[in-house]
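Hydrogens, waters and symmetry mates are skipped; everything else that's a heavy atom, side chains included, is used.
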Amino acid sequence: MSDKKIRTMVTAAVLAALSCVATMVVQIPSPMNGYVNLGDCFVLLSGWLLGPWWGAAAAGIGSMLADLLLGYGHYAPGTLIIKGAMALVAALVFKAFRKNTAGALIGGVAAEVVMVAGYFGYAALLLGKGIGAAASVPGNLVQGAVGLVAGFLLLQVARRTHLEEKVSV
């Protein structure tokens with residue numbers, strides 16, 4: 001196995017763990033039995049650094065583990081798919097813009113739209129909350145904004161320390 005492949009797997013595992021821990025440590029309750037957290041910054045960073053497939057795996061698994069460990073098991077399947085889709089979208093847009101700053105920001109905004117719409121749909125349709133799921137939208141918008149800003153700042157740190165060059169796939 002090549003050094004690059006091992007480095008990518010280890011980085012994916014670390015970003016999954018960071019997504020989980022950041023989701024668990026900072027929790028601001030929202031009206032829909034959920035919470036605003038900092039996990040999204042690592043979800044986005046996973047996509048930007050690891051690309052669509054490794055990033056989606058790291059983001060989805062790390063975020064899903066946080067739901068399971070915190071007792072939100074009913075959200076775990078949705079979180080796996082939604083957070084994975086967020087990283088996938090962020091990575092694809094970032095790559096389409098040749099990994100520049102605009103691509104990171106546009107990809108991050110698109111990914112956060114996926115998150116807000118995804119959790120609304122999941123709560124409304126699969127958890128049976130109907131239109132009441134709309135109450136979670138403001139909290140998810142705040143979470144998305146915080147995640148985008150923090151994730152973008154972490155991407156700048158990764159670029160300055162040349163981490164992006166070492167793990168990009």
Side-chain angles (χ1 to χ4, degrees), residues 1 3-30 34-73 75-95 99 101 103-116 118-119 122 139-169:
M1 194 177 293
D3 285 348
K4 182 129 175 122
K5 193 171 213 173
I6 292 170
R7 193 173 309 163
T8 301
M9 284 193 296
V10 169
T11 304
V14 168
L15 285 168
L18 287 169
S19 295
C20 181
V21 170
T23 300
M24 293 175 70
V25 170
V26 177
Q27 295 180 12
I28 302 164
S30 74
Y35 50 90
V36 176
N37 62 70
L38 288 178
D40 278 7
C41 65
F42 291 105
V43 167
L44 294 173
L45 195 62
S46 295
W48 291 330
L49 292 181
L50 296 171
W53 311 116
W54 281 101
I61 292 168
S63 300
M64 177 193 67
L65 285 173
D67 279 352
L68 291 172
L69 292 170
L70 290 169
Y72 291 96
Y75 275 99
T79 294
L80 174 67
I81 293 166
I82 294 164
K83 298 297 183 169
M86 284 177 65
L88 179 79
V89 166
L92 291 173
V93 173
F94 188 51
K95 189 175 179 181
K99 299 186 177 185
T101 300
L105 291 172
I106 294 167
V109 168
E112 296 300 350
V113 168
V114 167
M115 184 265 295
V116 172
Y119 277 117
Y122 186 75
N140 283 336
L141 288 171
V142 170
Q143 177 176 312
V146 170
L148 178 58
V149 170
F152 183 76
L153 292 174
L154 288 173
L155 178 63
Q156 301 316 305
V157 170
R159 285 181 162 172
R160 288 207 173 123
T161 60
H162 305 287
L163 177 65
E164 182 183 29
E165 299 162 11
K166 294 176 184 171
V167 299
S168 289
V169 290

**Exam field: side chain Gln27 to backbone Met24, donor-acceptor pair closer than 3.5 Å** =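 Between the backbone of Met24 and the side chain of Gln27 there is a qualifying donor-acceptor contact (under 3.5 Å).
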Point-to-point distance, once rounded to the nearest 0.5 Å, from [atom1] of [X] to [atom2] of [Y]:
| X | Y | atom1 | atom2 | answer |
| --- | --- | --- | --- | --- |
| Met64 | Ile82 | CE | CD1 | 13.0 Å |
| Cys20 | Leu68 | SG | CG | 9.0 Å |
| Asp67 | Asn37 | CG | CG | 8.5 Å |
| Arg159 | Leu155 | CZ | CG | 4.5 Å |
| Trp48 | Glu164 | CH2 | CD | 10.5 Å |

Minimum heavy-atom distance between [X] and [Y], given as atom pair plus value:
| X | Y | answer |
| --- | --- | --- |
| Ala111 | Leu44 | CB-CD2, 3.6 Å |
| Phe94 | Ala104 | CD1-N, 3.5 Å |
| Leu50 | Ala58 | CD1-CB, 4.2 Å |
| Leu49 | Ala158 | CD2-CB, 4.1 Å |
| Val114 | Ala85 | CG1-CB, 4.0 Å |
| Ala59 | Ala87 | CB-CB, 3.7 Å |

Is there a side-chain contact between [X] and [Y] (heavy atoms, below 4.5 Å)?
| X | Y | answer |
| --- | --- | --- |
| Leu38 | Thr23 | no |
| Val149 | Leu153 | yes |
| Trp53 | Leu88 | yes |
| Gln143 | Glu112 | no |
| Ile61 | Leu80 | yes |

**Request:** Give the intermediate values and the outcome of side chain to side chain contact (heavy atoms under 4.5 Å, CB included) for residues Trp54 and Thr11.
**Result:** CA-CA 9 Å; Trp54 281 101; Thr11 304; over 6 Å; no
**Fill in**
Result for side chain to side chain contact (heavy atoms under 4.5 Å, CB included) between Leu45 and one of Leu154, Asp40, Leu163 points to Leu154
**Asked** Are Thr79 and Tyr119 close enough, and set up right, to give a side chain to side chain donor-acceptor pair (under 3.5 Å), and what steps lead you there?
**Response** CA-CA 8 Å; Thr79 294; Tyr119 277 117; 2.7 Å; yes
**Asked** Angle class for the Tyr122/Tyr75 ring planes (parallel below 30°, perpendicular above 60°, tilted otherwise)?
**Response** tilted
